[in-house]
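Here's the structure we're looking at; comments come further down.
In this text, all values refer to a predicted model and were calculated from it rather than measured experimentally. Within every chain, numbering begins at 1; the chains are lettered A, B, ... in the order of the sequence lines, protein sequences first and strands thereafter.
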Amino acid sequence: MRSALVAAQEAGALAPLDVPQDVPVEQSRHTSHGDYSTPVCLGLARVLKRAPLQIAQTVAAYVPSVPYIAEVTVAAPGFVNFTLDPVWVASSVSTILAAGDTWGDIALGAGARVQVEFVSANPTGPITIGSARNAVIGDVLASVLAAAGYSVEREYYVNDAGSKVRNFGASIYSRYAALHGLDVPFPEQGYPGAYVTELAIRARDSFGSAYLAADDREAAVRELGQWGIQRVLETVAEDLATLGVRFDTWFSERSLYDSGLFDEMLAKLRAGGFVVERDGATWFRHDDLEKDAVLVRSERVIPNPEDRPTYLASDIPYMWNKLMLRGFDRAIYVWGADHHGDVPRVQAAAKALGIAGDRLVFIIYQMVTMLRGGEEIRMSKSSGEFITLRELVDEVGPDPIRFMMLTRTVDVTLDFDLDLAVEQSDRNPVFYVQYAHTRIAGVLRRAEEAGWDVLESGDLRQLTHPSEQALLRKMLSLPEILKVAAQSLAPHHLTTYATELASAFHAFYRDCRIVSSEPDDADLSRARLMLARAAQVVLSRALRLMGMDAPERM
RNA sequence: GCCCCAGUAGCUCAAACGGAUAGAGCGAGUGCCUUCUAAGCACAAGGUUAGAGGUUCAAUUCCUCUCUGGGGUACCA
């Protein structure tokens, strides 16, 4: 389109003007508007002082002739519409079948290294349903970026430093002591869940009374806390796997202190004049921040040295570790809205350390309100009242959960009614998409039983029916969807796309008999079998990008 | 008070960089299974996109204000 503008100008048909670098071309919503359209002439009307429709007509004549465009038309008030060549569209069946599982892949990322860090829930208890949205967004985002040509790693940040560990350890210790008939008071900020008692039993079975005999109870509590966290993480990994979520790396917060990286960062910030000491605490100061932020709490308030660093204190060396030590080009953080206030602080710290701001990307998703029978459920690990992710997956299944968490943009809070979720799980849109996939599998099975060689080639030029063409065009747009999803870091576009694709297949199935018993139709049947196989490839790809199953039977 | 996110069909949500006739699912309505899976399809109903201004050839989309809901504003984690 851009070349058409340039050509028109060079030919003297258009007055000289600055041709926009990016000419917007988008998919038409209505078939009467062709397959793609551009409103660019509307915008040029003012500059050129000519009617937009007239400009469009002039420019349309200069659109270069390419094999995939059959027709260029102009529509009021000044749109230029392009219609794809049906034969070219039909021939794309071969392209898609040849691409197979890689159909849709694009080279947008050019191999840039991206890390997606997500979930990262405190390892002081099981993963609750509160982490479901985070897990699905992060996982699918990572898949989308991988398909878009990025080199992606999934990371879980383990909060194994600070007072949580001691409170957790002390909770286990108290239960553990009780098992030995000793009364050690349960900590005020402890974790009362039943899983703590189970951990205490495991500790007794593994270590006997060794921790009770230790001289330094504080050290024993810390050690038991670390041990407990490792046990919890094993469960966390298993539970997330039931949802289809897996991590490449588990990164320890504690290691940031043990390695001395925190001290290093503090020294750098101090040298840059970003650190102030006040009221016995260490503060981070930056012009971008309205208020100073505490890095290290004062001894007066928090006596134990291990408990003094704040989250921000860890976030700074963690960021440095990701971008400078491990060399990721971009670090993506998936955070709940309850942490959005921390974003400016981390960004200010990055700026202070000379790191380009666009290398840190924060996906802030809004909270999920958990309901049961219309009543809100409040959950917390420290109250022991929560519903685990595992329970939900066991009840509803991973795919409906993933679809529910994925259909919404990250910017809206969502209500999740547990009763409704279970009740409606068999009406979840995910089954609509999966059903289209099984339908194809069923057709292919039947065809083989009837003696067809489903791998045989047919004459694709026969795929001229509107429903065939509509399905094909939808199949062809997966790369564009991936581009949008990857650029805007919005994985939810995939659910809309998958539903539309399934709908296009169902329409094709209704209108076009795939396997015909009429001998005269044999060649057409072969072409349609190819189309069905290609549609199955695209459906399967879309489902797997979302981390869902593409079943052969339902 | 200040900061962030949202408000679209009865309900839950879409709508790609500001484009042409705002779309799905659920719910409620009417039809379609002796031929490839009815977990499907077709038709019909449902909307002043919270409200008021503004920018623009064009606004659900951008800006301002008001109202409503959610989140954040501690040396807690």
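Nucleic acid contact for A:Arg29: base, since at least one base atom lies under 4.0 Å from a heavy atom of the residue. As judged by a 4.0 angstrom heavy-atom cut-off over every strand, A:Pro52 is placed among residues making no nucleic acid contact. Base engagement by A:Asn81 is indicated by at least one non-hydrogen atom pair under 4.0 Å involving a base atom. At the heavy-atom level, A:Ala441 lies nowhere under 4.0 Å from the strands shown. Residue A:Ile481 is in base contact, counting any heavy-atom pair closer than 4.0 Å across all strands shown. Counting any heavy atom pair closer than 4.0 Å across all strands shown, A:Asp415 reaches sugar-phosphate atoms only and no base atom.
A search for ring-ring contact (aromatic ring centres under 6.0 Å, His included) contacts involving A:His33 returns A:His30, not counting sequence neighbours. Judged as a side chain to side chain donor-acceptor pair (under 3.5 Å), and not counting sequence neighbours, the contacts of A:Tyr365 are A:Asn134. With sequence neighbours excluded, the residues forming a ring-ring contact (aromatic ring centres under 6.0 Å, His included) with A:Trp335 are A:Tyr333, A:Phe362, listed by chain and number. Under the rule for a ring-ring contact (aromatic ring centres under 6.0 Å, His included), A:Phe79 has no partner lying at least two apart in sequence or in another chain. Partners of A:Gln462 under the side chain to side chain contact (heavy atoms under 4.5 Å, CB included) rule, at least two apart in sequence or in another chain, are A:Asp459, A:Asp523, A:Leu524. Evaluation of the side chain to side chain donor-acceptor pair (under 3.5 Å) rule for A:Gln434 yields A:Asp399 as partners, not counting sequence neighbours. Taking A:Tyr156 as the reference, A:Phe247, A:Trp250 meet the ring-ring contact (aromatic ring centres under 6.0 Å, His included) condition, with sequence neighbours excluded.
By the rule that a glycosidic angle within 90° of 0 means syn, B:C33 counts as syn. Regarding the sugar-base torsion, B:C17 falls in the syn class, its angle being within 90° of 0.
Between A:Phe274 and A:Phe284, the angle of the ring planes lies from 30° to 60°, which puts this pair in the tilted group.
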Set out, line by line, the N/O atom pairs under 3.5 Å between protein and nucleotides 38-41 of chain B.
{"unit_1": "B:A38", "atom_1": "OP2", "unit_2": "A:Arg439", "atom_2": "NE", "d": "3.4"}
{"unit_1": "B:A38", "atom_1": "OP2", "unit_2": "A:Arg439", "atom_2": "NH2", "d": "2.3"}
{"unit_1": "B:G40", "atom_1": "O2'", "unit_2": "A:Arg439", "atom_2": "NH1", "d": "2.8"}
{"unit_1": "B:C41", "atom_1": "OP1", "unit_2": "A:Tyr432", "atom_2": "OH", "d": "2.6"}
{"unit_1": "B:C41", "atom_1": "O3'", "unit_2": "A:Arg510", "atom_2": "NH1", "d": "2.6"}
{"unit_1": "B:C41", "atom_1": "O2'", "unit_2": "A:Arg510", "atom_2": "NH1", "d": "3.3"}

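Remark: P of B:G19 and CG of A:Leu42 are 12 Å apart, rounded to the nearest angstrom. To the nearest angstrom, P of B:C3 lies 18 Å from CD of A:Gln347. Between the CZ atom of A:Phe403 and the P atom of B:C26 there is a distance of 12 Å, given to the nearest Å.
For a distance-only test at 3.5 Å, the side chain of A:Ser37 qualifies as a donor-acceptor partner of the base of B:A20.
Between the side chains of A:Asp160 and A:Ser252, at least one donor-acceptor pair of N or O atoms lies under 3.5 Å.
Counting only residues at least two apart or in different chains, salt bridge (charged side-chain N to carboxylate O under 4.0 Å, His left out) contacts with residues 507-517 of chain A are absent.
Comparing A:Gly43 and A:Arg553 along RNA chain B, the residue whose closest nucleotide (by nearest heavy atom) sits nearer the 5' end is A:Arg553.
Salt bridge status for A:Asp521 with A:Arg528: absent, with no side-chain N to carboxylate O gap under 4.0 Å. A salt bridge does not link A:Glu468 to A:Arg473: none of the charged nitrogens lies less than 4.0 Å from a carboxylate oxygen. One finds a salt bridge joining A:Glu218 and A:Arg222 here, because a Lys/Arg side-chain nitrogen approaches an Asp/Glu carboxylate oxygen to under 4.0 Å. A salt bridge links A:Glu500 with A:Lys474: the distance from a Lys NZ or Arg NE/NH1/NH2 to an Asp or Glu carboxylate oxygen falls below 4.0 Å.
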Does the protein touch nucleotides 66-77 of chain B at the base, only the backbone, or not at all? Give it as B, S and - per nucleotide, heavy atoms under 4.0 Å.
----BBSSSBSS
Could you run down nucleotides 27-34 of chain B 5' to 3' and tag each one B, S or - for protein heavy-atom contact under 4.0 Å?
S-------
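By the 5.5 Å and 30° criteria, A:His33 is stacked with the base of B:A20.
Taking the centre and axis of the six-membered ring of A:Phe505, the NZ or CZ atom of A:Arg439 falls outside the cone set by 45° and 6.0 Å.
Closest contact between the side chain of A:Val443 and the listed nucleotides B:A20, B:C36, B:G19 involves B:C36.
Against RNA chain B, the stretch residues 488-497 of chain A makes heavy-atom approaches under 4.0 Å through A:His492, A:His493, A:Thr496.
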